[in-house]
*Asks:* 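Would you mind keeping the following structure in view while I ask a few things?
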Amino acid sequence: MMTGFIFDLDGVLTDTAQLHFEAWQALGEKLGISIDQTFNEQLKGISRMDSLEKILKRGGQASDFTSEEKEQLAAEKNAHYVRLLEQLSPADLLPGVQDFLKAASAEKIPCSLASASKNAPIILEKLAIAHFFDAVVDPTTLTKGKPDPEIFLKAAEALGFEVHEVIGFEDAQAGIDGLKAAGIFAVGIDPRDKLKDVDRLVGSFEELSVDALVEELDQ
Ligand code: BG6
Ligand code: MG
């Protein structure tokens, strides 16, 4: 059977989650809303505006801003985040990612990216891995974000595969839930062992072999 791979980006291929955290924290400070690591977990995988809404709700400020003001706050956070991205290089790929992508490419396994991030194309370029991807789902075309399965269904369709023919890699519970809702085999990349409802749980790509995984899907 032919197999395709669907990758999330932030927290799976590189640890930009930390940079998102820094940028949200700075905005939170300005608004008087504290954002700690535990709360930050809830922001993983979800869109920029959904993250802002969660933050404002946490600070009891959900109805304090017009939608234009919210756009402005989100743009401010993004400008900060994009500045932080300038330092990103191939050295920031998470352990095992480079070898795994190379092995997938050697096996001619088509790969697509299913990230909520509008900054994904520039991040792939900075990491020097854009050439490994046959498709990148444009998050602006989505009607619903993760945990809705839409992004993963589009990622499978972009490769020309049925959901039972692809394997998805995710670090966030919203992403795992979306993969499972789509009917896709879900691999959790999670050094802290927190993810639930995964088909396979590993700490990093170093623990995975392309061949063994494809065999596992076939069974
Ligand atoms: C996801 C991240 O990949 O992208 C979220 O896990 C982030 O934390 C989301 O909010 C949107 O990213 P961006 O770059 O469009 O603000
Ligand atoms: Mg992620």
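When a residue number appears, it is its place in the shown sequence, counting from 1.
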*Asks:* Using the ring pair (Phe, Tyr, Trp, His ring centres under 6.0 Å) rule, collect all pairs that involve residues 42-79, keeping only residues at least two apart or in two chains.
*Replies:* none
*Asks:* Going by the ring pair (Phe, Tyr, Trp, His ring centres under 6.0 Å) test, which pairs reach into residues 77-132, not counting sequence neighbours?
*Replies:* Phe5-Phe100, His20-Tyr81, Phe100-Phe169, Phe100-Phe205
*Asks:* Could you list the residues that satisfy side-chain hydrogen bond (donor to acceptor under 3.5 Å, both in side chains) with Asn119, not counting sequence neighbours?
*Replies:* Asn78
*Asks:* Starting from Ile151, walk the hydrophobic network (Ile, Leu, Val, Met, Phe, Trp, Tyr; side-chain heavy atoms closer than 4.5 Å) and list everyone else you reach, by chain and number.
*Replies:* Met2, Ile6, Val137, Leu142, Phe152, Leu153, Leu159, Phe161, Val163, Val166, Leu179, Ile184
*Asks:* Side-chain contact, heavy-atom cut-off 4.5 Å: Glu53 with Lys70?
*Replies:* yes
*Asks:* Is there a donor-acceptor contact under 3.5 Å from the side chain of Thr16 to the main chain of Leu19?
*Replies:* no
*Asks:* Ser51: what forms a side chain to side chain contact (heavy atoms under 4.5 Å, CB included) with it, not counting sequence neighbours?
*Replies:* Trp24, Leu43, Ile46
*Asks:* Under the salt bridge (Lys or Arg N to Asp or Glu O under 4.0 Å) test, which residues partner Glu71, sequence neighbours left out?
*Replies:* none
*Asks:* Identify, with sequence neighbours excluded, every residue that meets side chain to side chain contact (heavy atoms under 4.5 Å, CB included) alongside Thr140.
*Replies:* Lys118, Asp138
*Asks:* Please enumerate all residues that pass side chain to side chain contact (heavy atoms under 4.5 Å, CB included) together with Ser209, with sequence neighbours excluded.
*Replies:* Asp211, Ala212
*Asks:* Tell me, please, which residues at least two apart from Lys77 pass salt bridge (Lys or Arg N to Asp or Glu O under 4.0 Å).
*Replies:* none
*Asks:* Excluding sequence neighbours, so at least two apart, what forms side chain to side chain contact (heavy atoms under 4.5 Å, CB included) with Ala158?
*Replies:* Ala135
*Asks:* If Ile, Leu, Val, Met, Phe, Trp and Tyr residues are connected whenever their side-chain heavy atoms lie under 4.5 Å apart, and connections chain through other members, are Leu88 and Val12 in the same group?
*Replies:* yes
*Asks:* Hydrophobic cluster membership, with links at side-chain heavy-atom distances under 4.5 Å among I/L/V/M/F/W/Y: are Val187 and Leu195 in one?
*Replies:* no
*Asks:* By salt bridge (Lys or Arg N to Asp or Glu O under 4.0 Å), which residues pair with Glu125, not counting sequence neighbours?
*Replies:* none
*Asks:* Applying salt bridge (Lys or Arg N to Asp or Glu O under 4.0 Å), can you list everything that pairs with Asp199, at least two apart in sequence or on another chain?
*Replies:* Lys180
